[in-house]
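Have a look at the structure below, then the notes.
The chains referred to below are lettered A, B, ... by the order of the sequence lines, with proteins before strands, and numbering in each begins at 1.
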Amino acid sequence: MQLEKIYEPGRFEPHWAQWWIETGMFHAVPKPGKYFSLVIPPPNVTGSLHMGHMLDHALIDMAVRWHRMSGDNTLWVPGTDHAGIATQMVVERELAKEGITRQQLGREEFVKRCWKWKEIYQKRIDDQMKRLGSSCDWERERFTFDPGLSRAVREAFVRLYEKGLIYRGEYMVNWCPRCNTAISDLETVHTTTQGHLWYIRYPYAGGTIVVATTRPETMLGDTAVAIHPEDARYASLHGRTVTLPLMDREIPVILDQLVDPKFGTGIVKVTPAHDANDFEMGKRHKLPFIKVIDESAAMTPAAGRFSGLDRFEARKQVVAELRQLGLIEKIEPYTLSLAVCDRCKTPVEPLVSTQWFVKMKPLAKPAIDAVDDGRIQFIPANWTTTYHHWMDNIRDWCVSRQLWWGHRIPAWYCDDCHQLTVSREDPTHCSHCQSGSIRQETDVLDTWFSSGLWPFSTLGWPDDTEDLRAFYPTTLLVTGFDILFFWVARMIFLGLEMTGEVPFRQVHLHGLVRDPEGQKMSKTKGNVIDPLTVNEQYGTDAVRLSLVQGAASGMDISFTPDRMDASRAFANKIWNAARFIFMKMEAAGVEPRIPSSPALACLEDRWIHNRLQNAIATMNSSLEQHRYHEAADAIYHFIWDDFCDWYIELKKLRMRDGSGYDDNWRDLLFVFEHALRLLHPIMPFITEELWQRLRNADSPLSIALTNYPSADLSRLDPSADSSMATLQAIITAARTLRAELVPGNVSALPATLYTHGASSQVVTAAREAIERLGNVKLTLEQGSTPHLGGAVRSTPEFDLVLHLPAADTNALRTRLEKEIEQLHKAATNSERQLSNDEFVRKAPEQIVTNIRAKLADYKAQLAKSRATLEALGQ
RNA sequence: GGGCCUGUAGCUCAGUUGGUUAGAGCGCUACCUUGACACGGUAGAGGUCACAGAUUCGAGUUCUGUCAGGCCCACCA
């Protein structure tokens, strides 16, 4: 039973991690009654887990373990996401190393490669999760692309299509020329870039006009110029045409409200095929759409002699030619916000193309209502505003991607009648003309379409399964705020549409894990921290505690080694408390057993019991309210300060080797075992390891299956708190005097303790404790007049006089002066408050009374200290 | 252009309904290797709570404004 001096988490954590899984104790069985269910934000199979995942999983696992121990039928569904475009990119990158492209490989072979990749990384992710002690139900592991979930995707798509909420059409989309696919608005990021504003002359019969543009190359596709209808400067242009330079095309001058007369020259070139605004204008004014840039960002034949050039090369040449022709009026530097592909940072090309869209307005309404009426609650609540803002202004969702890795859209084109067949099952013929000549759409769905179904597709939807009935809607979602729109919002509207219910009742959005300098961790910056490395270095428990403590208010957390050191020290502290307990048990001949109730025989027992009940109450309410750092703080200080620094120190004085099992053991073990259970959701490994050494024969298999403590406030003993406070104050007074006046002196010094009123009894009973912990040899006196020959510390309850071996008068005087100064300051403060009539009249009586009492104390102590100082001077 | 967040000890951060002398961890100073633990113990030093107003008997906490930093959304060529 001997424990090592230093806790080595690496020796125990892998064992318990594996054992928890082998026993299958986290498998949830559907049954009626109170449940707690949660689905994992499925990590992408693109790679292994990073610190962000670890934070997420630490928070989830804490909630899950707490609910499980609290008696809820608890399910945590694990799984991974196929992550369409992201995975396709990494697999393509792998292929590039072999010198092949996916086109060379062909679609079928490429998808096989993706699956192979998925197998490797899913296993890696699973192993990492298991090593972190995540208490999920591995029997229910899911993948967004597995057969069951793919069926859910089809069902959802077909339902939306049948309801008219999915349409196909030619629209302006964000096109990434590198990924060679359309992407949604969310998948673009806007970066401020230094560019130019080119002022170009367009000649017309009456002279020239000047337009300003940031993208001169798109002029090749201009089909109009636009002015504001009320712009008096250009009234003469109404109804005229201008000549498009380089192309020698006559294009009309149109009037449109969208033009801002104050920007540039007030005249804007209109390129309906390559700008979202111009696209709208083009439709309004029935302009021709001339596509001059293609899907690979090269100029099309419609660009005439510029055909085949890359768009940026074309820009240079267009500008050069215009300059030669004297058509450039001026060039200004200009800061613009450039849309680039979120994945590869290539500038997005707005292109008109045929894509599939989800109609958002009808879906957004119920999703907004669900949050407004509180069926879904955001934590922290201020995310509600952000969610609202986005949902209120939502645009249709482009869900088709020109990729290979993903759910292929279940639509078939008929070569004969050119109609569409959208179907749950693969059709053999066209549903319109019965022709057998049909081809399936080659596009796949946006990866977020399948993850949007995750909370119910993982539970068996669209079938009416036992799991759905027992665990849906899920209780809580824990995820980073960065995927609020991508994922959370989509789950909400898809959940409501598909199941008629919210997918979850609460959403806890946490921050990002940053490096010690507060920088976002990224592979390119090279500042990513591998969870495995830190877990080996500090222990998973310690890292979990650090993350939980840091995840206070949903803000980002800086991952600093200092914090980890402190957490590791805490694990070591617990370990050594256990080491002491086990050593003493052995010496006393006590067998491990968990008592069912405390004995409460001594003052420190009654006191620690109070503290324990407080800690229990705080833990439960903090966890309930998602105030995780508060919970972590409560158990940390209970164990370290109350239990180790005071309780064990006091108990040491009562423990006699060979004494056998007595009341001291009963309380010590009772409290310690409770502390382990309280801590278990945050630090599962060390608590399991130590609890197993204590467990009774009839205990549950694992601490994870025990009941979470609930506060029993009926047995609180307030008198124990005040007695203990007095005791602590006396001991602290002795230590303070010693430290300030005789530093380095290790011998027990004589001291006289004068007690007044109730404290006398406490002191008599705790005499040994005071002497041992305060390192003094006590003489006890009663009464209010202290002996004035030594270092004095006065409080309303007692006066402690420390008799110094060779009294250093100067030191004593300094000490007294300091005390007088502090008391004087406090007294003045109180007096000032009490002299304020309005305060006395309006403040709660309790507060005023307290201040009056304190003032009286300060004055009495001041008088004593001053008298002592005077006596010293003589 | 809109929206959100942050500014408290040298550093990283707590501080729920306004209320008695503003806390923690790390770091720092002094002392202690005491039979659980030096990843420890004890005692300390250190803060005009970014700034300016307002409300109030009372503001780190509420309101307004300013400054500084961060993030998100947005069709201004």
Side-chain angles (χ1 to χ4, degrees), chain A residues 3 5-7 172 185 190 197 211-215 218 226 258-260 262-264 267-271 275-280 334 336-337 350 380 382-383 385-386 388-390 393 481-482 484-485 511-512 516 518 542 546 549-550 552-558 560-563 565-584 587 621-622 625 627 629-630 633 636-637 644-645 648-649 652 732 735-740 742-746 772-773 775 822 825-826 829-830 833 836-844 846-848 850-851 853-854:
Chain A
L3 305 189
K5 222 172 163 177
I6 301 285
Y7 175 55
M172 178 68 62
D185 294 337
H190 295 265
L197 205 50
V211 300
T213 180
T214 54
R215 299 194 61 196
T218 61
L258 199 73
V259 180
D260 177 4
K262 290 190 286 293
F263 188 90
I267 308 179
V268 59
K269 59 191 270 311
V270 182
T271 322
D275 180 275
N277 283 329
D278 296 3
F279 179 79
E280 294 302 324
Y334 185 71
L336 68 154
S337 138
N382 48 284
W383 284 109
T385 320
T386 309
H388 229 292
H389 197 256
W390 190 71
N393 300 297
F481 64 76
D482 52 327
L484 174 60
F485 304 141
L512 273 36
S546 303
Q549 277 180 319
S553 51
M555 279 165 44
D556 290 351
I557 67 172
S558 293
T560 65
D562 275 359
R563 196 166 228 157
D565 283 330
S567 300
R568 179 179 51 183
F570 179 57
N572 196 56
K573 188 74 183 176
I574 299 165
W575 183 255
N576 274 289
R579 183 166 179 258
F580 167 77
I581 292 169
F582 289 130
M583 276 168 82
K584 277 288 175 188
S621 78
S622 304
Q625 298 167 67
R627 304 169 62 84
H629 64 290
E630 203 176 86
D633 253 28
Y636 180 93
H637 286 113
C644 292
D645 287 351
I648 289 188
E649 289 308 317
K652 274 180 185 172
T732 303
R735 287 166 171 174
T736 306
L737 291 175
R738 292 191 54 109
E740 287 191 6
V742 284
N745 186 330
V746 293
R772 294 281 291 274
L773 301 185
N775 198 16
Q822 281 174 354
K825 206 172 132 191
N829 235 333
S830 306
Q833 271 194 303
N836 183 337
D837 287 346
E838 272 193 291
F839 167 72
V840 176
R841 226 172 34 245
K842 292 182 180 169
Q846 188 62 47
I847 287 167
V848 179
N850 282 346
I851 293 178
K854 289 227 163 175

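The listed nucleotides are B:rC73, B:rC76, B:rA36; the one nearest the side chain of A:Ile648 is B:rA36. The side chain of A:Asn572 lies closest to B:rC37, out of B:rC13, B:rC72, B:rC37. When distances run from any side-chain atom of A:Asn382 to the nucleotides B:rU12, B:rC39, B:rC5, the shortest one goes to B:rC5. The side chain of A:Arg627 lies closest to B:rU16, out of B:rU16, B:rC31, B:rC39. Distance from the side chain of A:Asn850 is smallest for B:rU20 among the nucleotides B:rC39, B:rU20, B:rA36. Minimum atom distance to the side chain of A:Lys854 is reached by B:rU20, of the listed B:rA36, B:rU20, B:rA77.
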- Task: Let me have RNA chain B in dot-bracket notation, would you? Count Watson-Crick plus G-U wobble pairs, both distances under 3.5 Å, and use [ ] for pairs crossing earlier ones and | for inter-strand partners.
- Result: (((((((..((((.....[...)))).(((((.......))))).....(((((..]....))))))))))))....
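Tested against A:His389, the residues A:Thr386, A:Thr385, A:Asn393 include a single side chain to side chain contact (heavy atoms under 4.5 Å, CB included) partner, A:Asn393.
The separation between A:Phe570 atom CZ and B:rA24 atom C1' is 13 Å, rounded to whole Å. We find that CG of A:Asn775 is positioned 11 Å from P of B:rU33, with the value rounded to whole Å. Atom pair A:Tyr636:OH and B:rC13:P shows a separation of 18 Å (rounding to whole Å applied). Between the C1' atom of B:rC72 and the NE2 atom of A:His389 lies a distance of 10 Å, rounded to the nearest Å. The interatomic distance linking A:Asn576 (CG) with B:rC39 (P) rounds to 11 Å, in whole Å. Atom P of nucleotide B:rG19 and atom CD1 of A:Ile851 are separated by 13 Å, given to the nearest angstrom. Going from atom OH of A:Tyr7 over to atom P of B:rA38 covers 17 Å, rounded to whole Å.
Between A:Trp390 and A:Phe485, the ring planes lie parallel to each other; the angle is under 30°, not in the 30° to 60° tilted range.
Residue contacts shown for A:Ala843 include a base, since a base heavy atom lies under 4.0 Å away. A:Gly744 comes within 4.0 angstrom of the backbone, heavy atoms only, and of no base. A:Ala577 comes within 4.0 angstrom of a base, heavy atoms only. Residue contacts for A:Asp260: at a heavy-atom cut-off of 4.0 Å it reaches a base atom on one of the strands shown.
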Restricting to nitrogen or oxygen on both sides, can you table the protein-nucleotides 41-47 of chain B pairs closer than 3.5 Å?
residue	atom	partner	partner atom	Å
B:rG41	OP1	A:Lys573	NZ	3.3
B:rG41	OP1	A:Trp640	NE1	2.4
B:rG41	OP1	A:Asp645	OD1	3.4
B:rA43	O3'	A:Thr736	OG1	3.3

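Comparing A:Asp275 and A:Trp390 by the nucleotide of RNA chain B whose heavy atom lies nearest to each, the residue mapping closer to the 5' end is A:Trp390.
Scanning for ring-ring contact (aromatic ring centres under 6.0 Å, His included) contacts around A:Phe481 gives A:Trp383, with sequence neighbours left out.
Both tests pass for A:Lys652 against the ring of A:Phe580: distance under 6.0 Å to the centre and angle within 45° of the axis.
Considering only side-chain N and O atoms, A:Lys652 lies under 4.0 angstrom from the phosphate OP1 or OP2 of B:rA36. Remark: A:Arg579 is in phosphate contact with B:rC37, judged by side-chain N or O atoms under 4.0 Å from OP1 or OP2.
Residues A:Asp556 and A:Leu512 share a closest heavy-atom pair of OD1-N, 2.8 Å.
Note: A:Ile6 CD1 to A:Arg579 CZ = 9.0 Å, rounded to the nearest 0.5 Å.
In terms of polar N and O atoms assigned as donor or acceptor, the side chain of A:Lys5 never comes within less than 3.5 Å of the base of B:rA36 in a complementary pairing.
Under a 3.5 Å cut-off, the side chain of A:Thr213 and the backbone N or O of A:Arg215 do form a donor-acceptor pair.
Counting non-hydrogen atoms of neighbouring residues, nucleotides and ligands closer than 6.0 angstrom, the CZ atom of A:Arg735 exceeds 12 such neighbours.
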